[in-house]
Amino acid sequence: MKIKNIALAITFIVIIIGSFTTLTAKNSINVKPGGVYEIVEVLDKVPNQMTDFIFLDEDGNKCSLSEYTKGQYVFQNFWGTWCPPCRREIPDIIKLQNELNGKVIMVGIALERDANPKQTVMNYAKNNGINYINFVGPGELVRKLTSTYGGITSVPTTHIINKDGKVVETLVGALTKDGFQTVLDKVMQ
């Protein structure tokens, strides 16, 4: 009887620890506002869903975008530092981040053309006060990511993703803060 009780106690402890680990997983992803993180793997596309990828956080840990954004609205903006319309809409995205912090996760995915995209985007983010996270990656991974959305034919392109991870709006071309807000209000009602 004692062995049975000990086995039950151990099973209970394992379940508690496993639940705690699951509940704290999102909190263990170390990203900071304005940070730039490297994509290291693009996962297979699930139809009508945001494409998931693995990135390295501030501590160098592998994290998934879906884990980081789970249960949240996501504003996913494909852009480039070399793109004038992208640069024009960034101040409005910064304002949205200030107003919607906690309601929407703002994510930039930079489609850079130079040899050191992370440094380029880090410099641009710092010099322009970008307050939301951005991702970069090697050309082949970025091409794989954009191809899962049928190709990004124009930048900026923004996807609005609901709390279930479903892409509910695709916005091609630059928008203003009011334009973005109108779409977000519609999605979030």
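- Taken to the nearest 0.5 Å, the CD1 atom of Ile160 stands 7.0 Å off from the CZ atom of Phe180.
- The line from CD of Gln76 to CD1 of Ile105 is 11.5 Å long, rounded to the nearest 0.5 Å.
- Minimum heavy-atom separation, Ala174 to Pro85: CB-O, 3.7 Å.
- Counting all heavy atoms, side chain and backbone alike, Arg87 lies closest to Thr81 at NH1-O, 2.8 Å.
- For the pair Asn61 (side chain) and Asp57 (backbone), a donor-acceptor distance under 3.5 Å is absent.
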Open item on the list: Between Trp82 and Asp114, does the side chain to side chain contact (heavy atoms under 4.5 Å, CB included) criterion hold? Intermediate values first, please.
Closed with: CA-CA 10 Å; Trp82 46 268; Asp114 61 5; over 6 Å; no
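- Screening Thr153, Thr158, Ile152 for a side-chain contact (heavy atoms from CB on, under 4.5 Å) with Val155, the sole residue that qualifies is Ile152.
- Using modelled atom types, no side-chain atom of Thr69 and backbone atom of Gln72 make a donor-acceptor pair closer than 3.5 Å.
- Taking the six-membered ring for Trp and thresholds of 30 and 60 degrees, Phe135 and Phe53 have ring planes more than 60 degrees apart, a perpendicular arrangement.
- Between Gln189 and Lys186, the closest heavy-atom pair is CG-O, 3.0 Å.
- In terms of heavy atoms, Gly137 sits closest to Pro117 at O-CG, 4.2 Å.
- Both Ile39 and Val31 are members of a single hydrophobic cluster when ILVMFWY side chains are connected at heavy-atom separations under 4.5 Å.
- Going from atom CD1 of Ile29 over to atom OG of Ser64 covers 6.0 Å, rounded to the nearest 0.5 Å.
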Task: side chain to side chain contact (heavy atoms under 4.5 Å, CB included) between Phe78 and Val142, intermediate numbers included - done: CA-CA 10 Å; Phe78 287 87; Val142 171; over 6 Å; no
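- Between the Glu112 side chain and the Lys118 main chain, no donor and acceptor come within less than 3.5 Å of each other.
- If you chain together hydrophobic residues whose side chains sit under 4.5 Å apart, Val183 and Tyr73 fall into the same group.
- Separation of atoms OG (Ser28) and CD (Glu67) is listed at 6.0 Å; rounding is to 0.5 Å.
- In this structure, Val42 and Lys144 approach most closely via the heavy-atom pair O-NZ, 3.1 Å.
- Side-chain atoms of Glu89 come within 3.5 Å of backbone N or O of Leu175 as a donor-acceptor pair.
- Distance alone, capped at 3.5 Å, is enough to place a donor-acceptor pair between the Asp52 side chain and the Ser66 backbone.
- With hydrogens and angles disregarded, a donor-acceptor distance shorter than 3.5 Å links the side chain of Asn162 to the backbone of Asp164.
- Hydrophobic clustering (ILVMFWY, side-chain heavy atoms < 4.5 Å, transitive): Leu43 and Leu56 are in one cluster.
- When the shell of 6.0 Å around CG of Asp185 is examined, it contains more than 12 heavy atoms from other residues, nucleotides or ligands.
- Rounded to the nearest 0.5 Å, atoms CG (Leu100) and CD (Gln181) are 5.0 Å apart.
- At a cut-off of 3.5 Å, with distance as the only test, a side-chain donor of Asn98 or Asn131 sits close to an acceptor on the other residue.
- Under the 3.5 Å distance criterion, with hydrogens and angles disregarded, a donor-acceptor pair is assigned to the side chains of Trp79 and Asn134.
- Closest of all the heavy-atom pairs between Leu96 and Phe75 is CD1-CE1, 4.3 Å.
- From Glu169, atom CD reaches atom NZ of Lys166 across 11.0 Å, with rounding to the nearest 0.5 Å.
- Relative ring orientation between His159 and Tyr149 is described as parallel, the plane-to-plane angle staying below 30° on a 0-90° scale split at 30° and 60°.
- A salt bridge is defined here as a Lys NZ or Arg NE, NH1 or NH2 lying under 4.0 Å from an Asp or Glu carboxylate O, and Lys177 with Glu99 meets this definition.
- A continuous path of ILVMFWY side-chain contacts below 4.5 Å connects Val121 to Met106, so both sit in one hydrophobic cluster.
- Under the 4.5 Å side-chain heavy-atom criterion for grouping Ile, Leu, Val, Met, Phe, Trp and Tyr, Val74 is not connected to Met188 through any hydrophobic cluster.
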